[in-house]
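Below is one structure, written out as structure tokens, with a few remarks after it.
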Protein chains: 2
Amino acid sequence: MLMKVLTKNTDYAIRALLVLGTHEGEYVSARQISQQQGIPYQFLRRILQELNKNGLTTSREGAHGGVRLEKNPDAIRVRDVIEIFQGKVELSECMFRKQICANRASCVLRHEIMRIEEIVSREFGQITLGKLLTDLTKLNATATMDHTDEFEIINSGSHEKTDCDHR
Amino acid sequence: MLMKVLTKNTDYAIRALLVLGTHEGEYVSARQISQQQGIPYQFLRRILQELNKNGLTTSREGAHGGVRLEKNPDAIRVRDVIEIFQGKVELSECMFRKQICANRASCVLRHEIMRIEEIVSREFGQITLGKLLTDLTKLNATATMDHTDEFEIINSGSHEKTDCDHR
DNA sequence: TTATCTGACACTAAATTAGTATCATTTATT
DNA sequence: AATAAATGATACTAATTTAGTGTCAGATAA
Ligand code: FES
Ligand code: FES
């Protein structure tokens, strides 16, 4: 239990984007997404607004309004989402670049951290929403399910402790 | 600013181990390490006890007591230290292995997370204290310093905001 | 006997993350 | 025109995690 690499913000955001990705061109309401994915409504709302501000989605107000995917799924990287909600992918805040620091001796570790930092950043930069959507489609196809809805919560009435999440 | 991959616990622990590594065979007191590295004394004490319990170090009580490196530096991996203080290297807590979960649809993301998880774990598993000590020696050699002490705080009277750290 | 250590453990404080609530405004529908 | 269903904006609270402090008992060297 460690390495809070994906906070709820990011996790929910990606799930929301996956929903939007399966309804490209259409406006989907926060209410719908919230219910389908079991994401606390108000929390999700803030997240969607953030996605709007960052140009990943656009929204329409009023009845029949909602949020719509604006960018091409292949142009949306998981890293982008992480950066929106959690900032740059950094494992260390050390101010090394600025000056020789007090603990410069330990920089030997810092050097390694930066290296791993870059690896992680690169990896998350290679995962696009498009890829996730493809995987999702395959997953649903293989499942040979009798209910047609692409994906939704199975257990649990929404908002009640889902037995797992992405962190 | 994100990815709290190294908490203070881990950071301090590694710095302490570096000190111990430069004094192999000798007992060094928590007080000494605390002052040299600018680590809050009481916090450090708990950390050292934890290292003891995990067999990385041994301690001697009483006057002239302290902590001594027990394992070979090459046998101590940064990952070990991380795991002691922060648990297994996991970017996600998802209970996937146990059962098909409520959010199984998003498992497409989870799959990727697990992959990156493994990369990070492997990387931190390859960094040994021995390697860090070697790097440190080189670093000090190159520095051509006039003061002989291997490494210690430069600025800042201890405990006051060091201008950087490892997270 | 005293000063200097560690062992054990309880406690507080700070920071971050997660979640809730409210109100104004927009828009489709009736 | 009224209403219902949306988002925009923003303030707030709660929960969790991380960081740091304090105390006391026992061990050991001088
Ligand atoms: S540069 Fe800050 S610890 Fe090395
Ligand atoms: S297994 Fe838990 S979200 Fe996929």
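Proteins get letters first, then strands, A, B, ... in listed order; numbering begins at 1 in each.
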| said: Output the rounded distance in Å from OH (A:Tyr41) to P (C:dT22). | reply: 14 Å

| request: Compare side-chain N and O positions of B:Thr7 against OP1 and OP2 of D:dT17 and report whether any pair is under 4.0 Å apart. | output: no

| query | Which part of the nucleic acid does A:Phe85 contact within heavy-atom distance under 4.0 Å: base, sugar-phosphate only, or nothing? | reply | nothing

| Under the side chain to side chain donor-acceptor pair (under 3.5 Å) test, which residues partner A:Gln49, sequence neighbours left out? | none

| note | Rounded to whole Å, the CZ-P distance (B:Phe43 to C:dA15) equals 14 Å

| query | Does any N or O in the side chain of A:Ser29 come within less than 3.5 Å of the main-chain N or O of A:Gly66, such that one atom is a donor and the other an acceptor? | reply | no

| task | Would you please test B:His64 and B:Tyr27 for side-chain contact (heavy atoms from CB on, under 4.5 Å) and show each step? | result | CA-CA 8 Å; B:His64 289 203; B:Tyr27 285 98; over 6 Å; no

| Within less than 4.0 Å of OP1 or OP2 of C:dT17, is there a side-chain N or O belonging to A:Asn9? | no

| task | Check whether any side-chain nitrogen or oxygen of B:Tyr27 sits under 4.0 Å from OP1 or OP2 of C:dT6, and answer yes or no. | result | no

| request: Assess the side chains of B:Thr58 and B:Glu70: does a donor N or O sit below 3.5 Å from an acceptor N or O? | output: yes

| message | As a test of reading the structure: which of C:dA8, D:dT23, D:dT7 is closest to the side chain of B:Lys53, going by heavy atoms? | response | C:dA8

| Residue B:Tyr12, side-chain heavy atoms: nucleotide from D:dG20, D:dT7, C:dG19 that is nearest | D:dG20

Under 3.5 Å, which donor-acceptor pairs link side chains of residues 124-132 of chain A to any protein atom two or more places apart or in another chain?
{"from": "A:Thr128", "atom 1": "OG1", "to": "A:Gly130", "atom 2": "N", "distance (Å)": "3.4"}
{"from": "A:Thr128", "atom 1": "OG1", "to": "A:Lys131", "atom 2": "N", "distance (Å)": "3.0"}
{"from": "A:Lys131", "atom 1": "NZ", "to": "A:Asp135", "atom 2": "OD2", "distance (Å)": "2.9"}
{"from": "A:Lys131", "atom 1": "NZ", "to": "B:Glu112", "atom 2": "OE2", "distance (Å)": "3.1"}

| Atom pair distance, as rounded to whole Å: CG in B:Leu51 and P in C:dA8 | 14 Å

| query | Taking atom C1' of D:dT7 as reference, at what distance in whole Å does atom CZ of A:Arg68 sit? | reply | 15 Å

| query | Pick the nucleotide of DNA chain C nearest each of A:Leu44 and B:Gln49; which residue has the one closer to the 5' end? | reply | B:Gln49

| What is the distance from CG of A:Asn54 to P of D:dG8, rounded to the nearest Å? | 13 Å

| message | Contact list please: residues 57-64 of chain B against DNA chain C, heavy atoms, distance less than 4.0 Å, in numerical order. | response | B:Ser59, B:Arg60, B:Glu61, B:Gly62, B:Ala63

| message | On DNA chain D, compare the nucleotides closest to A:Ser29 and A:Arg46; which residue's is nearer the 5' end? | response | A:Ser29

| Value in whole Å for how far the P atom of D:dT17 lies from CD of A:Gln86 | 16 Å

| field | A:Arg45 CZ - D:dA5 C1' separation (whole Å) | value | 11 Å

| query | Under 3.5 Å, side chain of A:Asn72 to main-chain N/O of A:Asp74, donor-acceptor pair present? | reply | yes

| Donor-acceptor contact below 3.5 Å, side chain B:Asn54 vs main chain B:Glu50 | yes

| said: It should be established whether B:Asn52 places a side-chain nitrogen or oxygen under 4.0 Å from OP1 or OP2 of nucleotide C:dT6. | reply: no

| How many Å lie between CD on A:Gln32 and P on D:dA6, as a whole number? | 8 Å

